[in-house]
Amino acid sequence: MHVLSRVSNALLTFAVVLGLLSALVAAAPTDGYERAEAAVAAALDAAAEGQEVLGLAPTPLKKKKGKGKKGGKGDREYENGELPPVEDTVGWVDPRLNGGRFIDYVTNKVGEPLNIIISSLSDPFILTETGLHTYVKSIGFSEECLGLHYGHIHEADLGDGLGRKPEQFLGRQHYFPIMGTCWESVRGGHHFRAWRQNGTEANSGAWFLGASEEMDSSKNHMIVEDGYNRGRDYIVEQATQVTHWKGMWWKGEVEWRVGLLERGSRGVNHGIEQDGRVAILTINRL
């Protein structure tokens, strides 16, 4: 009887050890020591009550999921300063809530950062295409040289239900009153592309801009070093001053946002790093 008791205790101890090892192996890859610690405690409690513990394994914690496109991959990681999509924003909607992103599409693999938002709290006139064309003249930009487009048409998905759509406006730095953007096309300088968020899933009316500074035409308008940050900052500097065009006066306010855009160069055209900051502009009529 004594021998049987010892054998029974040995078997129980062996079962506990195997149960603990099973719990640790199952828990560690998913949730680390915190999950494993909970599993160990459960195993000890079960052993104390004489229950079977050989098959004990913890239920994995659910991974955080980002909201991707329907039918697409929901799981994703937020790295290099990017944070999950933000809700309840005023004057614009985070494109990532509905599968969009803050990088446009030059190709399927790379794009350029959408680093400025003109909030729909701005002067209503600016939220129209005619109004935007008029307003940007007050900050030193205008339509392309002779109204002709040179270069690649970019697309952007603003998460508004319209999917990837082509740029609606390309503004170039206007160096002087007559044919000033033609000089920018040759010499290089600041420019931006613009899309309006106006689909049924996110009809904010805000403008999303991808701003940058480019080299001259002999270098095929490559982006200058730090050109995405420089292009954004140049427009913000102009917009936050008092500006005017044909009797209309404006002054902008800026809110800087981080976490909407991953900093660095991953997925960015030309492999040029950018700091991940997005400027939210509200342009007020004076």
Side-chain angles (χ1 to χ4, degrees), residues 92 95 100-106 110-120 122-123 126-145 147-158 165-175 180-198 205-217 221-224 226-241 243 245 250 252 254 256-257 260-261 268-270 272 274-283:
W92 57 282
R101 66 182 198 176
F102 275 90
I103 293 182
D104 72 12
Y105 291 89
V106 179
V110 297
E112 300 189 346
L114 302 178
N115 46 21
I116 298 174
I117 299 173
I118 297 180
S119 160
S120 62
S122 301
D123 174 14
I126 292 176
L127 302 179
T128 67
E129 288 200 39
T130 299
L132 181 65
H133 284 233
T134 301
Y135 168 70
V136 299
K137 289 181 173 65
S138 79
I139 60 172
F141 288 81
S142 191
E143 295 85 359
E144 291 194 89
C145 176
L148 301 175
H149 179 76
Y150 302 94
H152 188 74
I153 298 291
H154 292 210
E155 297 179 335
D157 186 346
L158 302 184
K165 53 188 177 184
E167 61 198 54
Q168 295 173 257
F169 179 37
L170 194 157
R172 295 191 180 277
Q173 191 172 354
H174 199 220
Y175 284 101
T181 56
C182 295
W183 183 242
E184 193 277 343
S185 295
V186 175
R187 179 190 180 278
H190 294 278
H191 72 293
F192 68 86
R193 292 175 170 85
W195 295 261
R196 186 165 53 180
Q197 189 178 54
N198 60 347
W207 286 104
F208 285 67
L209 277 58
S212 59
E213 183 180 357
E214 64 184 4
M215 300 179 186
D216 61 53
S217 58
H221 292 144
M222 284 282 291
I223 305 300
V224 304
D226 199 34
Y228 297 117
N229 295 335
R230 288 162 60 102
R232 176 203 60 206
D233 293 349
Y234 178 81
I235 290 179
V236 170
E237 182 181 0
Q238 303 304 308
T240 50
Q241 300 178 35
T243 64
W245 184 260
W250 296 277
V254 63
W256 290 100
R257 285 267 187 157
L260 303 175
L261 183 64
V268 177
N269 198 25
H270 306 301
I272 295 174
Q274 45 81 39
D275 60 18
R277 297 199 305 160
V278 176
I280 316 295
L281 287 171
T282 301
I283 311 299

**Request:** Only one of F192, F208, W195, W207 passes ring pair (Phe, Tyr, Trp, His ring centres under 6.0 Å) with F169; say which it is.
**Result:**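 Of all the options given, the one that passes is F192.
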Nearest 0.5 Å, please: how far is [atom2] in [Y] from [atom1] in [X]?
X	Y	atom1	atom2	answer
I223	N269	CD1	CG	7.0 Å
S120	N198	OG	CG	11.5 Å
N115	L260	CG	CG	11.5 Å
I118	L132	CD1	CG	5.5 Å
R196	L127	CZ	CG	8.0 Å

**Asked** Counting N and O atoms only, with roles assigned by atom type, does the side chain of D123 sit under 3.5 Å from a partner on the main chain of I283, one being a donor and the other an acceptor?
**Response**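 Not a single qualifying donor-acceptor pair exists.
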**Asked** Can you name the nearest heavy-atom pair linking Q238 to T243, along with the distance?
**Response**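 Looking at all heavy atoms of both residues, the closest pair is O-CG2, 3.5 Å.
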**Request:** Measure across F141 and Q173 and return the closest heavy-atom pair with its distance rounded to 0.1 Å.
**Result:**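 Of all heavy-atom pairs spanning F141 and Q173, the closest is CD2-N, 3.6 Å.
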With sequence neighbours left out, write down each residue that passes side-chain hydrogen bond (donor to acceptor under 3.5 Å, both in side chains) with [X], or none if nothing qualifies.
X	answer
Q197	S204
R232	D275
R257	E255
S119	none

**Prompt:** Step by step, would you call H152 with V106 a side chain to side chain contact (heavy atoms under 4.5 Å, CB included)?
**Reply:** CA-CA 7 Å; H152 188 74; V106 179; 4.0 Å; yes
**Message:** My understanding is that only residues two or more places apart in sequence, or in another chain, count here; which of them pass ring pair (Phe, Tyr, Trp, His ring centres under 6.0 Å) with W250?
**Reply:**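 Expected list: Y135.
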**Item:** V224: side chain to side chain contact (heavy atoms under 4.5 Å, CB included) partners, not counting sequence neighbours
**Value:**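 V224 satisfies side chain to side chain contact (heavy atoms under 4.5 Å, CB included) with E213, M215, R230 only.
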**Message:** R193 vs E155, test: salt bridge (Lys or Arg N to Asp or Glu O under 4.0 Å). Steps then yes/no.
**Reply:** CA-CA 10 Å; R193 292 175 170 85; E155 297 179 335; over 6 Å; no
**Asked** Under the criterion side-chain contact (heavy atoms from CB on, under 4.5 Å), which of V278, L158, L261, I103 is the partner of L114?
**Response**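 It is L158, the one option of V278, L158, L261, I103 that forms the side-chain contact (heavy atoms from CB on, under 4.5 Å) with L114.
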